[in-house]
There are 2 protein chains.
Amino acid sequence: MGSKKNFKNLPHKTIERLSQYRRALLICLDNNKTHIFSHEIAKIQHITPVQVRRDLMLIGYSGTLRKGYNIQELIDLIGTIIDNEEGLNTTIIGMGNLGRALIKYLSGKRSKLEIVAGFDTNPDKIGNKFSGIQCSSIEHLDKIIKEKNIKIGIITVPEDQTIEMAQKLVDAGIKGILNYTPKPVEVPDHVYLEEYDMITTLEKVAFYVKMAEEQKK
Amino acid sequence: MGSKKNFKNLPHKTIERLSQYRRALLICLDNNKTHIFSHEIAKIQHITPVQVRRDLMLIGYSGTLRKGYNIQELIDLIGTIIDNEEGLNTTIIGMGNLGRALIKYLSGKRSKLEIVAGFDTNPDKIGNKFSGIQCSSIEHLDKIIKEKNIKIGIITVPEDQTIEMAQKLVDAGIKGILNYTPKPVEVPDHVYLEEYDMITTLEKVAFYVKMAEEQKK
DNA sequence: TTTGCACTGTTATTATTTTAACAGCATGTA
DNA sequence: TACATGCTGTTAAAATAATAACAGTGCAAA
């Protein structure tokens, strides 16, 4: 019975929050804080202190009474949970505006999660670098993914190419796919899939705005 | 007691799926289909037929036995639920890659949800048009939001400007905010807020890929 | 006309996630 | 030493969401 918890069974939402806690904590650390209370973390994330404590309980971290949680320790612990020790190489499929936004956003920030390649079908883009990331032809996708040991693929192509790109990624042996197009894809069980659709989110906002407007009448 | 349902109490997840159903249905309509079964919708969205039927039950729509659902009728009904009759004008704050990606993505597609303005602090961008959307200075944000009756703001600025921009939007009387920066914002109760953090999602994918790798050992 | 089939619509159950309640304890104070 | 304070850690309850179970029904084939 080691201290190793079965992190595999952590709730999905807890995983998401841990990632957010860590980023908040890194900022706090920059401000020369060493300890933090659950209600402080909660305030930053706009959630309740209970939820913070519950999440930390689930990962088996204990704070000091009346001092709060040691920021550095907590950052390190979250790292051992979320990060892969050797790092996970990532690629962007589709170097349009969205793909380039993601590259700018991510590159350099997360040492354990590096973007090491980009792909596109547009000949004008192939061969160029964007924020330091080389854009290659889709034709070389399989080869480069294997060569560079890429584990995660982010799809940011136009909707009508989504299925094809997802298939190519799966065939190349990718382990995780993050699909930012509105077209749902199907992948084998051994590939982890996360999908996010911006139009849906915007329409959701529109719905609740509409409801609030009608409420007032 | 009209036929008007209390759509206000629909589950959040149902709202999201309705948006997705509609887009799938629009594609089916283009292919000259007139009716569709729950299991067909389910297949497109990679969910279960039960969930589709349950969602449609919640919005009070009945299909025809052995014929399925009338696509046009369903599209129209979803429209009356999600869309605001007069439309809701939308703006993008931050015309970087992400902002421009969203504009390209959304403009023209959703007639009831039009992007009518863009803002940035960069003088090189101000005055230019991107995919037909005029980029204005943040200084004119308040004026333009009121003039153009803008109800929804999408924030795509660098992280350190998030809070300031959200405040400006709130002050200008915006009704809904969609925040794509990793910095959480706080808004008054009368403003609907939706936040999405790409780094968190990517780290989540990384976590589950890591778990799958460890599983195999 | 009867029987089986393939759907829908609804209720019941289970799983997941959030929120509430509260016991326990180190510190500060009298 | 006793007691209040303000935190943590944990269990209990409630809310939300997904899944399962199944009754009802019109069409098609026999």
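Note on naming: letters A, B, ... go to the chains in the order of the sequence lines (proteins, then strands), and numbering restarts at 1 for each one. Everything quoted here is computed from the prediction, not taken from an experiment.
Heavy-atom contacts of chain A under 4.0 Å fall on DNA chain D between two terminal nucleotides, which in 5' to 3' order are dT5(D) to dA12(D).
Using a cutoff of 4.0 Å between basic side-chain nitrogens and carboxylate oxygens, Arg23(B) and Asp197(A) are scored as salt-bridged. Between Glu213(B) and Lys151(A) there is a salt bridge, since a side-chain N of the basic residue sits under 4.0 Å from a carboxylate O of the acidic one. Salt bridge status for Asp83(A) with Arg22(A): present, with a side-chain N to carboxylate O gap under 4.0 Å.
As rounded to whole Å, 16 Å separates atom P of dA21(C) from atom CD of Gln51(A). As rounded to whole Å, 17 Å separates atom P of dT18(C) from atom NE2 of His46(A). Here the P atom of nucleotide dT17(C) and the CG atom of Leu58(A) are 11 Å apart, to the nearest Å.
Side-chain polar atoms of Glu73(B) and Tyr61(B) form a donor-acceptor pair below 3.5 angstrom.
For residues 44-62 of chain A, every residue pair satisfying the salt bridge (charged side-chain N to carboxylate O under 4.0 Å, His left out) rule, not counting sequence neighbours, is listed here: Arg17(A)-Asp55(A).
Looking only at distances, a side-chain donor or acceptor of Gln45(A) sits under 3.5 Å from a matching main-chain atom of Gln20(A).
Closest heavy-atom contact between Ala42(A) and Thr48(A): CB-C, 3.6 Å.
Aromatic ring pairs are classed by plane angle as parallel below 30°, tilted from 30° to 60° and perpendicular above 60°; the pair Tyr196(A) and Tyr180(B) is perpendicular.
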Using a cut-off of under 3.5 Å, enumerate the N/O to N/O pairs linking the protein to nucleotides 7-13 of chain C.
from   : atom 1 : to       : atom 2 : distance (Å)
dT8(C) : OP1    : Ser38(B) : N      : 3.0
dT8(C) : OP2    : Ser38(B) : OG     : 2.6
dG9(C) : OP1    : Ser62(B) : OG     : 3.2
dG9(C) : OP1    : Gly63(B) : N      : 2.7
dG9(C) : OP2    : Tyr69(B) : OH     : 3.0
dG9(C) : N7     : Arg53(B) : NE     : 2.9
dG9(C) : O6     : Arg53(B) : NH2    : 2.7

